[in-house]
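Written below as structure tokens is the structure these notes are about.
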Amino acid sequence: MAAAPKAFSLGDTPLARELSEITRRRQALAAEVLPLPPKTRVLTVANQKGGVGKTTTTVNLAAALARSGARVLVIDLDPQGNASTALGIEHRSETVSVYEVIINDEPVANVVQKSPDFDTLFCVPATIHLAGAEIELVSMVAREQRLRTAVEKFLEESDQPFHYVFIDCPPSLGLLTINAFVAAQEVLIPIQCEYYALEGLSQLLTNIKLIERHLNPVLTVSTILLTMFDARTNLANQVAQDVRDHFPDQVLATLIPRSVRISEAPSYGQTVISYDANSPGSLSYLEAAAEIARRGAPQ
């Protein structure tokens, strides 16, 4: 007599294990109260290599920290304005934007908008006019200091303190990016877990050292975040290990996976944190934000 077939159980399948792990991560995040920094941390998110997830990282880390109760300001310094789009911020060509702040000395307070997704998340938008700012800055007095001057004044005069400022840079090392480096104390570098990940990084680090030496002595590379990670490939694991070997103190333990939800969210004018808070991509950014908060500013 043939043995009766085993009843199907979801208990020990890959899907069940994945769901169990997602539940565990969600519960761990819900139970944690993130520390708030004693003074504003200003982080520039930069990598001259395009397509590494700079804007995605900027808006999702900002949203994750705002979700935890921090007051967060995002400065969109990329003429494409993708960070403004993802945060649901108006940035048509006639919108008063970061261009007016840098070129015409417009106060940041007149430009900043609140994101509709979180009460403590704000954005200084970018418009297409920013594309010409590089040329206009060349002949201006104190051209490298203009963003820092405006941001410092805004933070001093703000009714409520901001805990974090994230500056999203264009994929270049021009005057806009130099302004971002001069305005910040920390640099956060997203690195994709793909071939050529480290190519060009040495030039970026050299430029940061030059900025530190001549324009901003407090600037430091505090954080490196590995993005677009695909655990199924040997290449992604090898790249992640190489980056950890080179930068053991700066690399976050959290890896940001390739995720459909992360890619979809901006088309709805949202971050993945508000679009699908329980997706693996959202949980990863929440965990990365928690790591940044726990680490605190470098001493």
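In this text, all values refer to a predicted model and were calculated from it rather than measured experimentally. Each residue takes its place number in the sequence, starting with 1.
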Requested in this report: Could you tell me whether the side chains of Q238 and D242 share a donor-acceptor contact shorter than 3.5 Å?
Outcome: yes
Query raised in the report: Taking the six-membered ring of F162, is the NZ or CZ of R71 close enough (under 6.0 Å from the centre) and on axis enough (within 45°)?
Result: yes
Query - R41 CZ: over 12 foreign heavy atoms closer than 6.0 Å - result: yes
Query raised in the report: Do side-chain atoms of T177 reach the backbone of S172 as a donor and acceptor pair under 3.5 angstrom?
Result: yes
Query raised in the report: Would you say the side-chain atoms of T254 and E291 include a donor-acceptor pair closer than 3.5 Å?
Result: yes
**Report entry** From CA spacing to verdict: side-chain hydrogen bond (donor to acceptor under 3.5 Å, both in side chains), Y285, T57
**Finding:** CA-CA 8 Å; Y285 271 115; T57 292; 3.1 Å; yes
Query raised in the report: Is the CG atom of D119 crowded by more than 12 outside heavy atoms at less than 6.0 Å?
Result: no
Query raised in the report: Do other residues, nucleotides or ligands put more than 12 heavy atoms under 6.0 Å from the CZ atom of R244?
Result: yes
Query raised in the report: Has the side chain of R143 got a donor or acceptor atom that lies under 3.5 Å from a matching backbone atom of V138?
Result: yes
Query raised in the report: Within the side chain of R261, is there an N or O that forms a donor-acceptor pair under 3.5 Å with the backbone of S279?
Result: no
Requested in this report: Check the pair K153, E156 against salt bridge (charged side-chain N to carboxylate O under 4.0 Å, His left out), reporting the backbone distance first and the verdict last.
Outcome: CA-CA 5 Å; K153 184 179 181 184; E156 286 170 9; over 6 Å; no
**Report entry** S158 (side chain) donor-acceptor with Q160 (main chain) under 3.5 angstrom
**Finding:** yes
Query raised in the report: Rounded to the nearest 0.5 Å, what separation is found between the OG1 atom of T206 and the CG atom of L210?
Result: 7.0 Å
**Report entry** Sidechain-backbone polar pair: N179 side chain, L175 backbone, donor-acceptor under 3.5 Å
**Finding:** yes
Query raised in the report: If you measure only the distance, is there a donor-acceptor pair under 3.5 Å linking the side chains of T55 and N82?
Result: no
Query - Salt bridge present between K54 and D168 (N-O < 4.0 angstrom) - result: no
Report task. Verify, without hydrogens or angle tests, whether T120 (side chain) and A66 (backbone) share a donor-acceptor contact under 3.5 angstrom. Result -> yes
